[in-house]
Amino acid sequence: MPPLLRFPRPLRVLLVFLSALVATAAALTPAYAVEIHHWERKPIPVDLPVGEERIVLIDRNVRIGLPAELADPEVLRVQSVGGALYLMAKKKFEAQRVQVQDIESGQIFLIDLAATEGASAEDLRIVVSGDQPPTSTAQKKTSANEEGASSPDASNAPPLPVRLTRYAAQTLYAPLRTVAPLPGVRRVPMRVSQTVPLFWELPLQAQPLAAWRAGGLTVTAVEITNPDPNREFGLDPRRLQGEFVTATFMHPSVGPSTSEYAQTTVFLVTRGGGLEKALYPAAPKRQGAETKETTDAEK
């Protein structure tokens, strides 16, 4: 049996201290690391391990737009909850460009998503430039007041009904990447029937499509259809049945039902509620008009 090694007392004290330090560091080291990427308008590469879930943290309420190759649940499973994306690749695939949009502000982030065997499964955090740590309510109000008073953009911005209408039109008909951000906007449910009485004395059909709200105003997109195969109708806001802040038609008229211009959309901005509170009751048909129609039919 070899003799035990004996160290001088100062060296023994140093060894005990180092051992304790190593043990403490091991205890404080997390079991996994977080990979951090800063959004600087460049697509962020995200590699997924096959068959294992990876979490992408954005700390914003987001929605993700997938290309057709990744929309198959047999290829990729995606869940978005509380500012985190839970991604699981079912099989390998090459890098695909994916759009992630902040629902509140409309800002879009780009990530290049790929799946390979043996890729890292550690959490990945996307940090957006300009993000601030949470502040108190009083600080937020003070900051907002100062920004509104001093920022030239705030005074030069279009009125809210204009921005709200533009946001609704772009959300419905423009590519996702072109939607201009509108802080505070959110989609709201529509408490109206599938068709609404929108026009005075015009045989046009009106069907609400979607609604968004911001700053006490609501914009509702309504699809207009002309069922008449022979006549074209000009669209005049004065013939609308309701109390609206603004009414914006995508086209000045709607063509016969046999043409490709038989449909268009109007964006109606209301205050203090949605379309259900702004519409007038449907006007009853005039008896004289009914008699005339009957007489014409008999002839």
Side-chain angles (χ1 to χ4, degrees), residues 63 103 106 158-174 176 179-180 182 184-299:
R63 59 185 176 189
I103 295 177
L160 181 57
V162 175
R163 288 179 286 153
L164 199 54
T165 298
R166 180 175 58 190
Y167 178 86
Q170 290 178 336
T171 301
L172 282 180
Y173 300 112
L176 185 62
V179 178
L182 181 60
V185 69
R186 68 185 188 280
R187 188 161 178 171
V188 293
M190 298 182 298
R191 297 178 174 85
V192 291
S193 58
Q194 292 185 350
T195 58
V196 294
L198 191 58
F199 290 93
W200 294 108
E201 300 179 347
L202 286 181
L204 301 179
Q205 299 171 352
Q207 180 179 1
L209 299 176
W212 296 263
R213 182 171 298 159
L217 298 179
T218 302
V219 60
T220 305
V222 181
E223 184 180 71
I224 301 170
T225 303
N226 181 11
D228 194 310
N230 301 314
R231 290 187 294 172
E232 176 179 342
F233 295 97
L235 299 174
D236 189 337
R238 292 172 295 184
R239 304 194 76 166
L240 295 175
Q241 297 188 111
E243 294 286 344
F244 307 113
V245 178
T246 61
T248 306
F249 295 96
M250 288 192 67
H251 303 94
S253 63
V254 60
S257 61
T258 53
S259 73
E260 59 180 324
Y261 308 107
Q263 287 185 328
T264 188
T265 304
V266 61
F267 298 91
L268 304 172
V269 175
T270 54
R271 190 186 307 275
L275 193 61
E276 74 281 358
K277 293 186 177 181
L279 289 172
Y280 295 151
K285 291 185 178 180
R286 292 179 298 177
Q287 186 173 359
E290 292 179 353
T291 303
K292 183 176 184 303
E293 291 174 0
T294 304
T295 304
D296 292 341
E298 292 175 352
K299 290 180 179 181

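Numbering starts at 1 and runs along the sequence shown.
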Checklist entry - So, do Phe199 and Val266 sit near enough that their side-chain heavy atoms are less than 4.5 Å apart? => result no

Checklist entry - How many angstroms lie between CD1 in Ile224 and CZ in Phe233, if you round to the nearest 0.5 Å? => result 12.0 Å

Side-chain donor-acceptor pairs of residues 204-212 under 3.5 Å, sequence neighbours excluded:
none

Next on the checklist: Going by side chain to side chain donor-acceptor pair (under 3.5 Å), name the residues that satisfy it together with Thr171, two or more places apart in sequence or in a different chain.
Outcome noted: none

Checklist entry - Thr225: what forms a side chain to side chain donor-acceptor pair (under 3.5 Å) with it, not counting sequence neighbours? => result Gln263

Item to check | Non-neighbouring partners of Arg63 that pass side chain to side chain donor-acceptor pair (under 3.5 Å), sequence neighbours left out | outcome: Gln101

Checklist outcome for this item: Those residues at least two apart in sequence (or on a different chain) that pass side-chain contact (heavy atoms from CB on, under 4.5 Å) with Thr246 are Pro161, Thr165, Val269

Next on the checklist: Using the rule given for side chain to side chain donor-acceptor pair (under 3.5 Å), can you reason through Ser253 versus Glu232, listing the C-alpha separation, both sets of side-chain angles and the distance that settles it, and then say yes or no?
Outcome noted: CA-CA 7 Å; Ser253 63; Glu232 176 179 342; 2.9 Å; yes

Next on the checklist: What verdict does the side chain to side chain contact (heavy atoms under 4.5 Å, CB included) test give for Phe267 and Leu164, after you've listed the backbone C-alpha separation in whole Å, the side-chain angles of each residue and the deciding distance to 0.1 Å?
Outcome noted: CA-CA 9 Å; Phe267 298 91; Leu164 199 54; over 6 Å; no

Next on the checklist: Taking Val185's backbone N and O only, do any of them form a donor-acceptor pair with Arg213's side chain (distance below 3.5 Å, no angle check)?
Outcome noted: no

Checklist entry - Is any side-chain heavy atom of Ser257 less than 4.5 Å from a side-chain heavy atom of Pro229? => result yes

Checklist entry - Looking at residues at least two apart in the chain, or sitting in another chain, which of them share a side chain to side chain donor-acceptor pair (under 3.5 Å) with Arg231? => result Asp228

Item to check | Audit row: Trp200, Tyr280, side chain to side chain contact (heavy atoms under 4.5 Å, CB included) steps and yes/no | outcome: CA-CA 10 Å; Trp200 294 108; Tyr280 295 151; 3.9 Å; yes

Next on the checklist: Before you tell me yes or no, could you show the steps for Phe249 and Leu240 under side chain to side chain contact (heavy atoms under 4.5 Å, CB included), namely the whole-Å CA-CA distance, both residues' side-chain angles and the distance that decides it to 0.1 Å?
Outcome noted: CA-CA 12 Å; Phe249 295 96; Leu240 295 175; 4.2 Å; yes

Checklist entry - Hey, are the side chains of Leu198 and Leu268 touching, using non-hydrogen atoms and a 4.5 Å cut-off? => result yes

Next on the checklist: Quick test of your reading: applying salt bridge (Lys or Arg N to Asp or Glu O under 4.0 Å), list the pairs with at least one residue in residues 237-249, sequence neighbours left out, ordered by first then second residue.
Outcome noted: Asp236-Arg238

Checklist entry - For the side chain of Asn226 and the backbone of Ala262, is there at least one donor-acceptor N/O pair under 3.5 Å apart? => result no

Checklist outcome for this item: In terms of heavy-atom contacts, Gly274 and Thr218 come closest through CA-CG2, 4.2 Å

Checklist outcome for this item: d(Met250 CE, Leu235 CG) to nearest 0.5 Å is 12.0 Å

Checklist entry - Got a sec, which pairs hit side-chain hydrogen bond (donor to acceptor under 3.5 Å, both in side chains) with one end in residues 266-279, sequence neighbours left out? => result none

